[in-house]
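Have a look at the structure below before the remarks.
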Protein chains: 2
Amino acid sequence: MTVDPRSHTPVYVQVADFLRTRIESGELAPGESLPSEARLTQEYGIGREAVRMAISTLRSEGLVSTVRGHGTRVRSTPERHQMELPAGSSVVARMPTGRERTELQLDEGVPILEIRHRTGKTEVKPGDPIELTRPGEDKP
Amino acid sequence: MTVDPRSHTPVYVQVADFLRTRIESGELAPGESLPSEARLTQEYGIGREAVRMAISTLRSEGLVSTVRGHGTRVRSTPERHQMELPAGSSVVARMPTGRERTELQLDEGVPILEIRHRTGKTEVKPGDPIELTRPGEDKP
DNA sequence: CCCCATTTGTCCGTATGTATC
DNA sequence: CGATACATACGGACAAATGGG
């Protein structure tokens, strides 16, 4: 559980991997706060920069969300609702622009779905809570 | 076009926004190099940290790609090829973990498509070059 | 309202490593 | 080879936001 400064893998990657494991295992549950930066520097015996880079990595993966003056919390995976991809349409997943992120109020590390309808209209939706489906063809 | 340290929005966000605008407007074309970190600290009169975080943000958005010892370049939008979403399957877009990014050899800021097939098997593909389609239902 | 402790944001100095040209 | 540029990592310092009393 400790960090090896002489390893060829950077310290901040080691810490990011470790925290990710704690998140994915549920030890750090959604909504829960990560230890503060100061706490993490002590726990792992490393500098603050390495800690911040580790957390930054997790942010860009959409796993956590940081608020200045408050801390970093595990993002709760929103209820995924299913949505049918309309016939004759197509979809592309990409990261939002700054404007899109503001308008859709998205955290860092959340991709969007750009759906092109048969009509030619394109629709942009947060990719986080959406599971796109295509029904099977076993209709009566 | 300068930075306001007293603004409630962090400096690195302001710089990221500004650079993003320059990229989206085409002033910084695909393949073109951004100014070096040292250059940007001078231009905006800010610290390394803010510059590096700004560039890190753009990387996590898939807008630029950094090569050590060389610099940061604007990424060119990849050729998109179409792929049909199989009947009875579903798909979720999310950011890859560090491990997945290494295995798939993805740049930062590239989402992945997690496709769940009718059989139950799940398949992971880079979301960047893929346009998922569902054909229209105009069969005889 | 203010005060205060906590926490993240930002800057600076320094150092070493590594990749590119 | 050297010059340049980014990556990683530590230390210290102060600013600014948050939340509780």
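Sequence lines set the chain letters: A, B, ... in the order given, protein chains first and strands last, and positions in each chain run from 1. This one's a predicted model, so the numbers in the text were calculated from it and none came from an experiment.
For DNA chain C, none of the residues of residues 99-107 of chain B falls under the heavy-atom distance limit of 4.0 Å. Heavy-atom distances under 4.0 Å link DNA chain C to A:S36, A:E37 of residues 27-39 of chain A, given in residue order.
Taking the charged nitrogens against the carboxylate oxygens, A:E84 and B:R134 do have a contact shorter than 4.0 Å, which makes a salt bridge. Using a cutoff of 4.0 Å between basic side-chain nitrogens and carboxylate oxygens, B:E37 and B:R48 are not scored as salt-bridged. Of the charged side-chain nitrogens involved, at least one lies within less than 4.0 Å of a carboxylate oxygen, so that B:R75 and B:D107 count as a salt-bridged pair. Of the charged side-chain nitrogens involved, none lies within less than 4.0 Å of a carboxylate oxygen, so that B:E61 and B:R59 do not count as a salt-bridged pair. Between B:D17 and A:R101, no side-chain nitrogen of the basic residue sits less than 4.0 Å from a carboxylate oxygen of the acidic one, so the salt-bridge criterion is not met. Under 4.0 Å is where a charged nitrogen must lie from a carboxylate oxygen, and between B:E123 and B:K121 no such pair does.
Looking only at atom types and distance, the side chain of B:S60 has no donor-acceptor partner in the side chain of B:E108 under 3.5 Å away.
For residues 24-33 of chain A, every residue pair satisfying the salt bridge (charged side-chain N to carboxylate O under 4.0 Å, His left out) rule, not counting sequence neighbours, is listed here: A:R22-A:E27.
Side-chain contact between B:L19 and B:L34: present, with at least one pair of heavy atoms (C-beta onward) separated by less than 4.5 Å. Looking only at side-chain heavy atoms (C-beta outward), A:I115 and A:T122 stay at 4.5 Å or farther from each other. A 4.5 Å side-chain heavy-atom check between B:P86 and B:H117 finds at least one atom pair inside the cut-off. Side-chain contact check for A:T2 versus A:Y44: every heavy-atom pair is 4.5 Å or farther apart.
Considering only side-chain atoms of A:P10, the nucleotide from D:dA9, D:dC6, C:dG9 that sits closest is D:dA9. Distances from the side chain of B:R52 to the nucleotides D:dT8, C:dT10, C:dG13 place D:dT8 closest. Nearest nucleotide to the side chain of A:I46, out of C:dT14, D:dA13, D:dC10: D:dC10.
For the pair A:L40 and A:I55, the tightest heavy-atom approach, listed with the atom from each and the gap, is CD1-CD1, 4.2 Å.
Taking atom CD of B:E49 as the reference point, atom P of D:dC6 lies 15 Å away to the nearest angstrom. Rounded to an integer number of Å, the gap from OH of B:Y12 to P of C:dT8 is 12 Å. For A:Q14 and D:dA9, the CD to P distance is 8 Å, given to the nearest whole Å. To the nearest angstrom, P of C:dT8 lies 17 Å from CE of A:M53. Distance CG (A:D4) to C1' (D:dT8): 14 Å, rounded to an integer number of Å. Whole-Å rounding puts the A:I55 CD1 to C:dG9 P distance at 9 Å.
Residues passing the salt bridge (charged side-chain N to carboxylate O under 4.0 Å, His left out) test with B:R39 are B:E43, sequence neighbours excluded.
Within 4.0 Å of A:T66, counting heavy atoms only, lie sugar-phosphate atoms of the nucleic acid but no base atom.
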Heavy-atom contacts, protein to nucleotides 16-21 of chain C, under 4.0 Å, summarised as B (base), S (sugar-phosphate only) or - (none) per nt, yield -BBBSS
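Rounded to 10 degrees, the angle separating the terminal helix axes of the helix from C:dC2-D:dG21 to C:dC21-D:dG2, each built from five base pairs, is 30°.
Below the 3.5 angstrom threshold, one finds a donor paired with an acceptor across the side chain of B:R48 and the base of C:dG13.
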